Undergrad: 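Below is one structure. I have some questions about it.
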Amino acid sequence: MRTFARSLAAIAAISALTLTGCGREEAAPATDDSSAATGGFDAGAAIGVALPQKTSENWVLAEQLFNEGLSDAGYEPDVQFANSGVSEQQNQISSMITNGVKVLVVGAIDGAQLGTQLQQAKDAGITVIAYDRLLTNTENVDYYVAYDNFQVGELQGQALLDGMEAADPEGPYNIELFAGSPDDANAKVFFDGAMSILQPEIDNGDVVVVSGQETFDQAVTQGWKAENAQKRMDTLLSGNYGSTELDGVLSPNDTLARAILTSVEGAGKELPVVTGQDSEVESVKSIMAGKQYSTINKDTRALVEHTIEMVNNLQAGEEPEINDPDSYDNGVKTVPAYLLEPQIVTKENAAEAYENDPTLAELTK
Ligand code: BGC
């Protein structure tokens with residue numbers, strides 16, 4: 001038997017030192033022109049918030065929190081979802097610019113497809129904050145605010161190993177890998193974080209990806225859609241797991257984790273250890289019922305609160321606080337970032353993890 005070397009508790013410390021992989025390269029320090037000109041603006045100004053599709057609960061909650069928080073702070077919020085896709089989001093951002101917003105907060109569907117709109121924003125003197133997802137291949141993004149995506153992946157990878165070991169101390173373990181939507185800049189970073197933990201175990205034979213589908217491109221789930229993950233899991237099961245046991249599945253978020261569990265249940269197989277992310281209500285219930293193994297707590301309230309604090313700084317003509325100036329290279333520049341720390345949640349620590357969240361705390365009783 002082999003014990004996995006790294007514990008979840010050690011990951012926070014490790015991740016501070018191992019910032020590698022797409023979007024997390026060690027890059028040159030931010031140059032002066034990477035931050036916005038901070039002249040300040042009118043206290044009652046319009047603030048635009050462009051959100052992607054409602055692919056997980058965190059986005060829906062963000063809409064409500066931005067509307068309430070920005071209004072309470074005296075601004076005029078313009079918060080829009082782009083459920084029809086990229087061109088809708090492009091049009092929404094153009095309208096926000098025309099309507100005179102002073103700050104644009106963007107949770108992009110595809111962070112690489114907003115170059116024209118972000119150039120318009122820059123020309124209009126608007127400060128652009130990438131929210132949760134990085135905006136890529138543009139110099140016209142001033143700040144990034146998010147939970148540490150690479151660390152999310154590391155926590156997921158370690159939880160998968162820990163869960164499988166707890167279920168059966170004897171390896172080797174059979175697993176499958178799922179990633180998020182390839183147009184979302186976070187998806188590769190989550191996957192790379194998880195693989196930084198899993199790859200050594202795959203290389204030494206303690207963990208086996210039975211289908212052989214080990215690359216990001218093979219693991220992606222277009223649009224973060226549950227039906228796509230379920231379909232792929234169905235195919236993986238019927239093609240590879242006749243009498244073979246499936247011990248674990250790396251799932252990048254809760255929506256996909258539940259789809260994967262549904263597929264395995266449908267195939268009549270024993271449920272594997274499945275990871276997740278977002279602390280969605282149905283997944284927290286599933287964790288408490290002993291089905292889904294883990295999720296990640298990325299409290300949307302804290303993320304929105306920090307974003308509004310950045311808006312307040314900009315309004316007052318101050319430079320917003322940054323705690324990670326050089327990890328997020330978007331292909332054109334290093335975007336000054338403020339990163340919050342994600343937390344792994346299993347049945348074991350759920351009550352403690354959610355004690356400040358009345359809705360989720362109730363589910364852990
Ligand atoms: C977010 C995740 C979320 C996913 C799908 C990502 O960009 O960081 O929290 O699960 O989008 O909505």
Side-chain angles (χ1 to χ4, degrees), residues 21-24 49-63 65-66 81-83 85-86 89 105-114 129-136 141 144-156 159 178-194 216 219-229 250-260 274-284 286 292 294-304 306-307 328 330 335 337-345 357 360:
C22 176
R24 299 296 317 255
V49 182
L51 298 174
Q53 290 116 332
K54 299 180 183 178
T55 42
S56 43
E57 280 170 12
N58 53 322
W59 297 110
V60 181
L61 185 57
E63 176 194 33
L65 294 172
F66 272 120
F81 272 108
N83 283 311
V86 171
Q89 187 163 53
V105 176
V106 183
I109 295 172
D110 183 338
Q113 297 292 326
L114 299 173
I129 302 175
Y131 171 84
D132 190 289
R133 300 173 174 179
L134 191 59
L135 293 160
T136 55
V141 48
Y144 180 43
V145 59
Y147 279 89
D148 186 328
N149 300 304
F150 194 82
Q151 193 183 353
V152 166
E154 289 178 306
L155 291 168
Q156 291 171 331
F178 282 72
S181 191
D183 46 5
D184 171 358
N186 286 354
K188 178 85 167 42
V189 187
F190 295 148
F191 190 76
D192 286 346
F216 175 72
V220 292
T221 309
Q222 285 293 338
W224 289 99
K225 287 199 172 127
E227 66 254 36
N228 292 340
L250 175 75
S251 166
N253 83 354
D254 285 349
T255 312
L256 305 190
R258 297 195 302 275
I260 289 162
V274 181
T275 60
Q277 168 175 206
D278 294 330
S279 297
E280 296 203 333
V281 168
E282 286 310 314
S283 281
V284 174
S286 175
Q292 188 175 321
S294 65
T295 185
I296 300 276
N297 189 16
K298 303 195 302 185
D299 192 334
T300 304
R301 296 169 305 177
L303 192 58
V304 170
H306 189 82
T307 312
Y328 276 88
N330 80 347
V335 185
Y338 188 91
L339 300 183
L340 286 82
E341 200 176 321
Q343 180 189 22
I344 191 76
V345 183
D357 186 322
L360 298 180

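Whatever order the structure lists them in is the order used to number ligands and atoms, beginning at 1. Quick caveat, the model's predicted, so the values are computed rather than measured.
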Undergrad: Out of Pro52, Gly107, Ser56, who gets a non-hydrogen atom closest to atom 5 (C) of ligand 1?
TA: Ser56
Undergrad: Determine whether a donor-acceptor pair (N or O, by modelled atom type, separation under 3.5 Å) exists between the side chain of Gln53 and the backbone of Ile109.
TA: no
Undergrad: Considering only heavy atoms of Arg133, which atoms of ligand 1 have at least one such atom less than 4.0 Å away?
TA: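 Checking each atom against Arg133, I get 4 (C), 5 (C), 6 (C), 7 (O), 11 (O), 12 (O).
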Undergrad: Hey, which atoms in ligand 1 end up nearer than 4.0 Å to a heavy atom of Asn58?
TA: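 Checking each atom against Asn58, I get 9 (O).
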Undergrad: Look only at the side chain of Asn253 and the backbone of Thr255, and say whether a donor-acceptor pair between them is shorter than 3.5 Å.
TA: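 Yes; at least one donor-acceptor contact below 3.5 Å.
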Undergrad: Okay, side chain of Gln343, backbone of Asn297: is any donor-acceptor separation there less than 3.5 Å?
TA: no
Undergrad: For atom 6 (C) of ligand 1, what's the nearest protein heavy atom and its distance?
TA: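 Ranked first by proximity to atom 6 (C) of ligand 1 is Asp184 OD2, 3.2 Å.
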Undergrad: If we set the cut-off at 4.0 Å for heavy atoms, which region of Tyr131 has an atom near ligand 1: side chain, backbone, both, or neither?
TA: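 Contact part for Tyr131 vs ligand 1: neither.
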Undergrad: Please work out which of the three classes, parallel, tilted or perpendicular, describes the rings of Trp59 and Tyr131, given edges at 30° and 60°.
TA: perpendicular
Undergrad: Looking only at protein heavy atoms, identify the closest one to atom 1 (C) of ligand 1 and say how far it is in Å.
TA: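 Of every protein heavy atom, Asp132 OD1, 3.3 Å lies nearest to atom 1 (C) of ligand 1.
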Undergrad: Using a 4.0 Å cut-off to any heavy atom of Thr55, which atoms of ligand 1 qualify?
TA: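 The atoms of ligand 1 under 4.0 Å from a heavy atom of Thr55 are 5 (C), 12 (O).
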Undergrad: Is the backbone of Ser251 close enough, under 3.5 Å, to the side chain of Thr275 for a donor and an acceptor to pair up by distance?
TA: yes
Undergrad: Is Arg133 reaching over with its side chain to a backbone N or O of Ala108, donor-acceptor style, under 3.5 angstrom?
TA: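 The answer is yes, because a donor-acceptor pair under 3.5 Å joins these two groups.
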Undergrad: Give the atom numbers and elements of ligand 1 that come within less than 4.0 Å of a heavy atom of Phe190.
TA: 8 (O)
Undergrad: Are any non-hydrogen side-chain atoms of Ile296 and Val345 less than 4.5 angstrom apart?
TA: no
Undergrad: Under 4.0 Å, counting heavy atoms only: does Lys298 come that close to any atom of ligand 1?
TA: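 Yes.
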Undergrad: Where is the nearest protein heavy atom to atom 10 (O) of ligand 1: which residue, which atom, and how far?
TA: Asp278 OD2, 2.5 Å
Undergrad: Between Tyr147 and ligand 1, which part of the residue brings a heavy atom under 4.0 Å of the ligand: side chain, backbone, both or neither?
TA: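 Answer for Tyr147: neither.
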Undergrad: Measure from the side-chain N and O atoms of Asp254 to the backbone N and O of Ser279, and report whether any donor-acceptor pair falls under 3.5 Å.
TA: yes
Undergrad: Of all the atoms in ligand 1, which lie at a distance below 4.0 Å from a heavy atom belonging to Trp59?
TA: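 Selected atoms, number and element: 11 (O), 12 (O).
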